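Heads up: the structure comes next, in structure tokens.
What you see is a predicted model, and the numbers here were worked out from it, not measured in a lab.
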Amino acid sequence: MALGVMDFKEQPLDNEKRSSVSQESPLVIGATVAAAAWSGKFLIGAWQAFKARPVVPRVKRFYNGGFEQEMTRREAALILGVRESAVIDKIKEAHRRVMVANHPDAGGSHYLASKINEAKELMVGKTKLAVTVRIKFQFPPRREFRDKLLDEKKFLAKLQHSAFLLLVS
């Protein structure tokens, strides 16, 4: 024999030990089946409660409230489903998505379509002003511009003529 290793021989079970083992096995099996049935009943009840709960959307996609008298930037952002500080590309994409869903040719309302367009105009106009400085030039109509140009030419011609007369005399 090697050190530390002992040889154990299986000893046969006597009748008393055999009967107690055979009686304990059905008891353990019965308790296991009862526990499985109880946990199955609990899981089925939990699943039914989960399915019956009301569905609450995590993100609101569209604005579902009444309109204010004069549209604000906040209301325009809510109608389009974007942030107030959204870039022009996001605003245009959101406008297209909302218009597809509410277009008058597809059964939508003319009033809603006008509000959606108003929201886009407000958001795009405000965003452009915030991002870049826009300088408006008011050009006069062509006729006025031409007349003004002719007057300036006449003035310069008179000035040159008077300068010439001063030099000659």
Are Leu78 and Arg74 close enough that some pair of their side-chain heavy atoms sits under 4.5 Å apart?
->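 Answer yes - side chains close enough.
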Tell me, which pairs form a side-chain hydrogen bond (donor to acceptor under 3.5 Å, both in side chains) where one or both residues lie in residues 86-95, sequence neighbours left out?
->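 Listed once each, the pairs are His95-Asn117.
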For the residue pair [X] and [Y], what are the closest heavy atoms and their distance?
| X | Y | result |
| --- | --- | --- |
| Ala76 | Met123 | CB-CG, 3.8 Å |
| Thr72 | Leu122 | O-CD2, 3.3 Å |
| Ala119 | Met71 | CA-SD, 3.5 Å |
| Arg73 | Glu84 | NH2-O, 2.6 Å |

So, taking the atom named [atom1] in [X] and the one named [atom2] in [Y], what distance separates them when rounded to the nearest 0.5 Å?
| X | Y | atom1 | atom2 | result |
| --- | --- | --- | --- | --- |
| Leu80 | Met99 | CG | CE | 10.5 Å |
| Ile116 | Arg96 | CD1 | CZ | 13.5 Å |
| His110 | His103 | NE2 | NE2 | 9.0 Å |

